[in-house]
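Some notes on the structure that comes next.
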Amino acid sequence: AVAQPGRQGTLHWAGGPERAPGPGEVAIRIEAAGLNFRDLMWAQGLLPEDVLEAGFAGPTLGMEAAGVVEAVGPGVALRPGMRVFGVVPGALAARAITRVEAIVPLPEGLSPEEAATIPVAFLTALHALDGCAQLQPGERLRVHGGAGAVGLAALQLAQAIGARVAMTAGTPAKRAFLRAAGADLVLDSRDAGFADRLRAAWGDAEGAVDVVLNSLAGEAMEKSLGLLRPFGRFLELGKRDFVENRRAPLRPLRRNAASFAI
């Protein structure tokens, strides 16, 4: 729990709810939990509660986990003792309750620690690239911070679709890793001229990329928006511009581009 968001010294363990799971719910004994950037931002007081309260996990710490089913509510086919993983509100705990639709059985050969890193990253990438952007074979995708969890999930998904991928990362080691992982173009995320370099490598009179998976804010976000080709799709993962209610130029969207808040 966080007694005072923004003061990390107030992080502490607290007694959790011991209620029984209701209809369609599952109580899980947590073996491993994933730590997401959202958890850090919430603990540090960088996200207002209204940004989180409408989400599945709500204003809690932890949102994905692997563990053992302890109890189930009415209408649930799972049985106590089964090992599962998925999206779990309040997952930084010894025990948590989630909806049965949000978890799946743990496959053989996958450890709880490995499984706890999968749900948020891959569901985010799948929702963004397939559900929103409907990424197509041969299209060009630009991903910022490609060596992070969502970036790596996006790379694997784009490769499966048959798209070309340009990625950025902040260190030589991370950039080398992305090249080894199969990214078509890798640039320095800390270089303010990344957009110009991408345009020089892939750009033409129409633009540079068909889809942008963005987590940048401010001027850097605007540069990414300006890379879109006609009928491009801009996928915003970041929260800062939304929280600050920042204005953004709409001119890059004029050629039938679409913008999605993920």
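Atoms considered below: every heavy atom in the structure, side chains included; atoms not considered: hydrogens, waters and symmetry mates.
Looking at Ser259 and Glu236, their side chains never come closer than 4.5 Å, going by heavy atoms from C-beta outward. Within the 4.5 Å cutoff, the side chain of Leu155 has no heavy atoms near those of the Leu141 side chain. Side chains of Glu113 and Thr117 form no contact here, defined as non-hydrogen atoms less than 4.5 Å apart. Side-chain contact check for Arg142 versus Leu213: every heavy-atom pair is 4.5 Å or farther apart. The shortest side-chain heavy-atom distance between Leu237 and Thr124 falls under the 4.5 Å cut-off. Looking only at side-chain heavy atoms (C-beta outward), Phe194 and Ser224 come within less than 4.5 Å of each other. Val76 is not listed as a side-chain neighbour of Val69, based on a closest heavy-atom distance of 4.5 Å or more. Residues Phe37 and Ser215 form no side-chain contact, since every pair of their non-hydrogen atoms from C-beta on lies 4.5 Å or further apart.
Each of Arg164, Arg229, Arg255, Arg233 was scored for a salt bridge (charged side-chain N to carboxylate O under 4.0 Å, His left out) with Asp210, with one residue passing: Arg229.
Side chain of Asp191 to backbone of Gly193: a donor-acceptor contact under 3.5 angstrom is found. Not one N or O on the side chain of Arg7 forms a donor-acceptor pair closer than 3.5 Å with the backbone of Gln4. Between the side chain of Glu114 and the backbone N or O of Ser111, at least one donor-acceptor pair lies under 3.5 Å. Looking only at distances, a side-chain donor or acceptor of Thr60 sits under 3.5 Å from a matching main-chain atom of Gly90.
Using a cut-off of 4.0 Å between Lys/Arg side-chain N and Asp/Glu carboxylate O, Glu25 and Arg19 are scored as salt-bridged.
Taking all atoms of both residues into account, the shortest heavy-atom contact from Glu64 to Ala91 is O-CB, 3.5 Å. The nearest pair of heavy atoms linking Phe177 to Leu152 is CE2-CD2, 3.6 Å.
Under a hydrophobic clustering in which Ile, Leu, Val, Met, Phe, Trp and Tyr are joined whenever their side-chain heavy atoms come within less than 4.5 Å, directly or via other members, Ile28 and Val68 fall into different clusters. One hydrophobic cluster, built from ILVMFWY side chains closer than 4.5 Å, cannot hold both Val104 and Val84; they sit in different ones.
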